[in-house]
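Structure, as structure tokens:
Both ligands and their constituent atoms are indexed starting at 1 by order of listing. What you see is a predicted model; the values in this text were computed from it and never measured.
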Amino acid sequence: MGELQGGEPILEAWNKKKEEEEEEEAQAQLEIWKYIFGYVELAVIKCAIELGIADAIESHGSPMTLSEISSTLGSDPSLLNRILRFLINRKIFKADKNSDSTTTYANTPLSRRFLKNGQQSMAAFLLLESSPVMLAPWHSLSARVLANGGINFPFQKAHGEDVWGYAAENPGHSNLINEAMACSAKMVVPAIVEGCGDEVFEGLKTLVDVGGGTGTALRALVKACPWIHGINFDLAHVIAVAPKIEGVENVAGDMFLGVPKADAAFLMWVLHDWGDEECIQILKKCKEAIPKENGKVIIVEAVIEEGAIKQGNLKDVGLMLDMVMMAHTSFGKERTLKEWEYVIKTAGFTSYTVKSIDAVQSVMLAYP
Ligand SMILES: C[S@@+](CC[C@H](N)C(=O)[O-])C[C@H]1O[C@@H](n2cnc3c(N)ncnc32)[C@H](O)[C@@H]1O
């Protein structure tokens, strides 16, 4: 009897463990397909953007039937039906049965991110990441990891030069990058202004956006803070196609050689493209460009922090971006707060603060 009483909990624990293992096995068998066919989502969404499905529904102004969408797009209705079925299953579009039993298709907040234009459009970003140029380097990621300190950069291996050199020589790809960055800038700048705009921008007369692309971030910033004169600073091939924006001056140059003088320097999604040594050089050039007494460098980047600053899904986006940096740049990476502190302090800044905003990135203010 004594033995049985002692044996029961052991048996129970053994059964529970077995059940858990079986559950994990079943889950793994389900999840594995997600990874095997992971590319399907990206490819079908790219197809939907190229077809202009969300745009067609949006300009129609109300939900559309399959035949209406397919005649607007000039597409094969049965193939389009299968594309829509896939995207509806992922809740990217919505389907409703009407009283006359016809089905109509509508946009959702998510499908509106795939409109070709508009404040919330992220279509250009998806088209960049799914372009053959950006997909090719992923095939050499393992070679990069095995390089053991040797030079084996996936982007160079695929295209013969780094991403910025390639962009300078391929205007089509450069445009894709500029448009993708503009999508993200349109989303992030309002989050910065809302999250900590007073502290960051008040009192600034001039602000230089280093690696500012075609000026989308400054366009939004000078609109929100009209007392600021913006200097949009980027490589010559980017500035050559930057539009004229009221309150913003376009300046071409190389941030490793020098940065135009201003009350503050703004660096959004620039430092993550570079290794520590390069970040320190860029930050030193920014420090030379701002006043010693009250200048600051505004760094807008993800902070990969173990649970502390950015939680949940946004943390996962930061980790995905880190993989993107590994595939697309030579030494770029997403950094933990400790790693940011290292580059900021080594570049000669005496103090810094970090603000969390409603975006993948946080705002770090570095003071000389
Ligand atoms: C990832 S994009 C970020 C663009 C913009 N800050 C944003 O967040 O939308 C990096 C930018 O750095 C620019 N860049 C790269 N090397 C540069 C250099 N040596 N000097 C100035 N800008 C550079 C690129 O042309 C590109 O516009």
If you draw the axis of the six-membered ring of Phe86, does the NZ or CZ of Arg90 fall within 45° of it and under 6.0 Å from the ring centre? yes

Tell me, which residues have any heavy atom less than 4.0 Å from some atom of ligand 1? Trp164, Met181, Ala185, Gly211, Gly213, Asp234, Leu235, Val238, Gly253, Asp254, Met255, Phe256, Met268, Trp269, Asp273, Trp274

Please assess Phe331 against Met325 for the test side-chain contact (heavy atoms from CB on, under 4.5 Å), listing each intermediate value before the final yes or no. CA-CA 8 Å; Phe331 297 106; Met325 292 306 122; over 6 Å; no

Please work out which of the three classes, parallel, tilted or perpendicular, describes the rings of Trp274 and Phe256, given edges at 30° and 60°. perpendicular

Give me the ring orientation class for His159 and Tyr166: parallel if the planes are under 30° apart, tilted from 30 to 60°, perpendicular past 60°. tilted

What pairs meet the side chain to side chain donor-acceptor pair (under 3.5 Å) rule with one or both residues in residues 233-257, with sequence neighbours excluded? His229-Glu249, Asn232-Asn250

Does Lys284 come within less than 4.0 Å of Glu288, counting only side-chain N to carboxylate O? no

